[in-house]
Amino acid sequence: MTVPIAIIGTGIAGLSAAQALHKAGQAVHLFDKSHGCGGRMSSKRSDAGALDLGAQYFTARDRRFVEQIQQWQAKGCIQEWTPQLYNYRAGNLMPSPDEQTRWVGVPCMGAITRAMLGDLPRTFSCRISDVFRGEQHWFLHDIEDCDHGPFSHVIIAVPAPQANALLTTVAPKLANVAAGVKMEPTWAVALAFDTPLDTPVQGCFVQDGPLDWLALNRSKPGRESTPDTWVLHASSSWSKKHIGLAKEQAIEQLHGAFAELLGCVVPAPTFTLAHRWLYARPAVAHEWGALADADLGLYVCGDWCLSGRVEGAWLSGQEAARRLLEHLD
Ligand code: FAD
Ligand code: NAI
């Protein structure tokens with residue numbers, strides 16, 4: 001019997017590791033507490049269509065990620081996004097065009113991780129609470145009191161605070177590293193309007209005030225054109241300060257900031273949605289690539305091991321897989 005490798009987390013880091021291992025002929029089994037894959041890159045189905053409430057777009061600097069992007073492009077699950085970009089600082093809204101290539105999943109961000117998952121073995125709606133070793137193999141325990149296993153190795157591909165909780169008893173040294181990583185929250189809000197707003201803005205970096213970013217969903221390729229839906233992200237500092245807000249209040253306050261920023265008539269939205277990302281981004285970037293206790297057969301990856309971006313998460317998954325395969329040889 002082939003004993004598979006367990007991967008906890010089906011965000012882009014876990015799926016990147018899964019793909020690299022699968023390509024190398026290894027059997028994997030993925031677990032996620034959510035009902036689907038993607039994590040912070042997933043899209044939320046709503047009455048206003050699929051909405052990207054987490055990652056908005058991604059850029060590529062590393063050659064390996066550029067090659068991956070070419071493959072996704074050939075598959076048709078991503079396209080380039082060329083919004084009318086603006087910048088908002090000290091009350092001034094100014095066009096801010098640049099030469100940066102930005103990519104989005106089509107028809108929604110979640111299309112990328114869905115394509116990566118393919119038919120790899122997976123168990124969803126399964127929150128792992130413990131990782132433990134038997135005499136020869138690894139086992140996972142979930143919050144429903146079920147055990148899963150045996151597994152030859154375990155890859156933990158979840159945000160740092162959640163990795164810390166899983167590592168504490170089995171690998172205290174790795175747990176300490178994860179415990180030292182601070183991750184900051186982001187409030188995300190979607191607002192839909194029946195009539196398009198009278199503004200040329202399609203994406204905007206915000207330098208002060210409650211907001212950090214806003215984007216017009218239908219300016220991205222492959223999206224439904226109605227209604228006019230905007231995604232707003234609050235800054236880390238505002239999100240931290242307002243972490244306990246009720247969703248309705250977060251919507252109201254960010255709607256106010258949005259109307260003030262655009263400076264055009266912004267009516268009451270016909271649809272609203274709010275999501276609080278508790279572990280949205282690491283406070284600082286790191287250069288670990290991935291963490292490992294190769295003798296134990298335990299590996300850790302995620303955006304927080306590199307840059308808190310899609311590219312960083314993907315590269316971290318590749319690195320975890322590389323180290324695991326290297327140790328098999
Ligand atoms: P995640 O996507 O968080 O995946 C971890 C997975 O593990 C999740 O699916 C979770 O459900 C699962 N999990 C956690 N604990 C357990 C457990 N105990 N048991 C089972 N499953 C578990 N990056 C960009 O490059 N461009 C952007 O524009 C951008 N915008 C962003 C905006 C927001 C609001 C947020 C939140 C993030 C943004 N990012 C952006 C960052 C980017 O989304 C992340 O860097 C990347 O998606 C992280 O991937 P990951 O696989 O490391 O983690
Ligand atoms: P990028 O190169 O487009 O942007 C990096 C940063 O450069 C931006 O945050 C912005 O401050 C600045 N910038 C870039 N182009 C600009 C322009 N035309 N005008 C004004 N400022 C500009 O993309 P990269 O490096 O791939 O980063 C991804 C994006 O994801 C960033 O915007 C980052 O803030 C965002 N992000 C958001 C998270 C959240 O929780 N809200 C988490 C992780 C990333």
Side-chain angles (χ1 to χ4, degrees), residues 5-18 20 31-34 39-41 54-55 58 61-62 65 127-133 138 140-143 153-188 212 233-244 276-324 326-327:
I5 297 164
I7 301 180
I8 308 170
T10 61
I12 190 151
L15 284 166
S16 165
F31 293 85
D32 205 294
K33 66 181 171 59
S34 297
R40 282 170 278 161
M41 259 185 104
F58 51 94
R61 284 150 208 173
D62 188 281
F65 193 52
R127 183 191 282 264
I128 303 301
S129 53
D130 270 306
V131 174
F132 61 97
R133 229 185 127 79
W138 286 98
L140 310 181
H141 188 75
D142 71 27
I143 57 163
H153 303 76
V154 175
I155 298 185
I156 296 177
V158 304
Q162 293 163 325
N164 175 32
L166 294 175
L167 288 164
T168 307
T169 49
V170 277
K173 279 192 186 150
L174 298 187
N176 269 344
V177 179
V181 177
K182 251 183 67 192
M183 294 196 72
E184 302 191 321
T186 295
W187 266 110
D212 173 66
H233 284 161
S235 66
S236 297
S237 59
W238 191 92
S239 302
K240 244 188 281 179
K241 207 166 144 200
H242 296 88
I243 196 79
R276 188 186 61 177
W277 298 98
L278 264 188
Y279 307 125
R281 58 169 131 206
V284 293
H286 299 97
E287 288 183 358
W288 300 315
L291 307 178
D293 186 328
D295 293 333
L296 269 182
L298 190 59
Y299 298 80
V300 189
C301 59
D303 64 341
W304 52 277
C305 292
L306 283 166
S307 69
R309 299 161 49 245
V310 169
E311 180 178 40
W314 184 86
L315 285 168
S316 178
Q318 294 287 300
E319 179 61 10
R322 190 193 65 76
R323 290 206 202 166
L324 191 157
E326 181 183 72
H327 206 253

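Just so you know, residue 1 is the first one in the sequence shown, and it goes up from there.
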Is any side-chain heavy atom of [Y] closer than 4.5 Å to one of [X]?
X: C305; Y: H286; result: no
X: I8; Y: V131; result: yes
X: H327; Y: H153; result: no
X: L315; Y: E311; result: yes
X: W288; Y: V181; result: yes
X: H233; Y: W187; result: no
X: Y279; Y: P185; result: no
X: F132; Y: W138; result: no

Compare every heavy atom of [Y] with every heavy atom of [X], then report the nearest pair and how far apart it is.
X: A55; Y: V310; answer: CB-CG2, 3.9 Å
X: A163; Y: W304; answer: CB-CZ2, 3.9 Å
X: L166; Y: I128; answer: CD2-O, 3.4 Å
X: V158; Y: G9; answer: CG1-CA, 4.2 Å
X: S239; Y: T186; answer: OG-CA, 3.4 Å

Q: Please lay out, stage by stage, how V154 and L140 fare under the test side chain to side chain contact (heavy atoms under 4.5 Å, CB included).
A: CA-CA 9 Å; V154 175; L140 310 181; 4.2 Å; yes

Any chance you could measure [X], atom [atom1], to [Y], atom [atom2], to the nearest 0.5 Å?
X: I7; Y: I156; atom1: CD1; atom2: CD1; value: 11.5 Å
X: L278; Y: M183; atom1: CG; atom2: CE; value: 10.5 Å
X: K241; Y: S236; atom1: NZ; atom2: OG; value: 14.0 Å

Is there a donor-acceptor pair under 3.5 Å between the side chain of [X] and the backbone N or O of [Y]?
X: R133; Y: L296; answer: yes
X: H242; Y: W238; answer: yes
X: S316; Y: A290; answer: no
X: T10; Y: D32; answer: no
X: E184; Y: S237; answer: no

Q: Please identify each residue that fulfils ring-ring contact (aromatic ring centres under 6.0 Å, His included) with F65, with sequence neighbours left out.
A: F58, W72, W314

Q: With sequence neighbours excluded, tell me which residues meet ring-ring contact (aromatic ring centres under 6.0 Å, His included) with Y299.
A: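 So Y299 forms no ring-ring contact (aromatic ring centres under 6.0 Å, His included) with any residue.
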
Is the shortest side-chain N to carboxylate O distance from [X] to [Y] below 4.0 Å?
X: D303; Y: R40; value: yes
X: D212; Y: R281; value: yes
X: E319; Y: R322; value: yes

Q: Mind running side chain to side chain contact (heavy atoms under 4.5 Å, CB included) on I143 and R127 for me, showing each step along the way?
A: CA-CA 6 Å; I143 57 163; R127 183 191 282 264; 3.9 Å; yes

Q) Taking I155 as the fixed residue, which of L324, V300, L298 is the one that meets the side chain to side chain contact (heavy atoms under 4.5 Å, CB included) rule? A)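 So the option named by the test is L324.
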
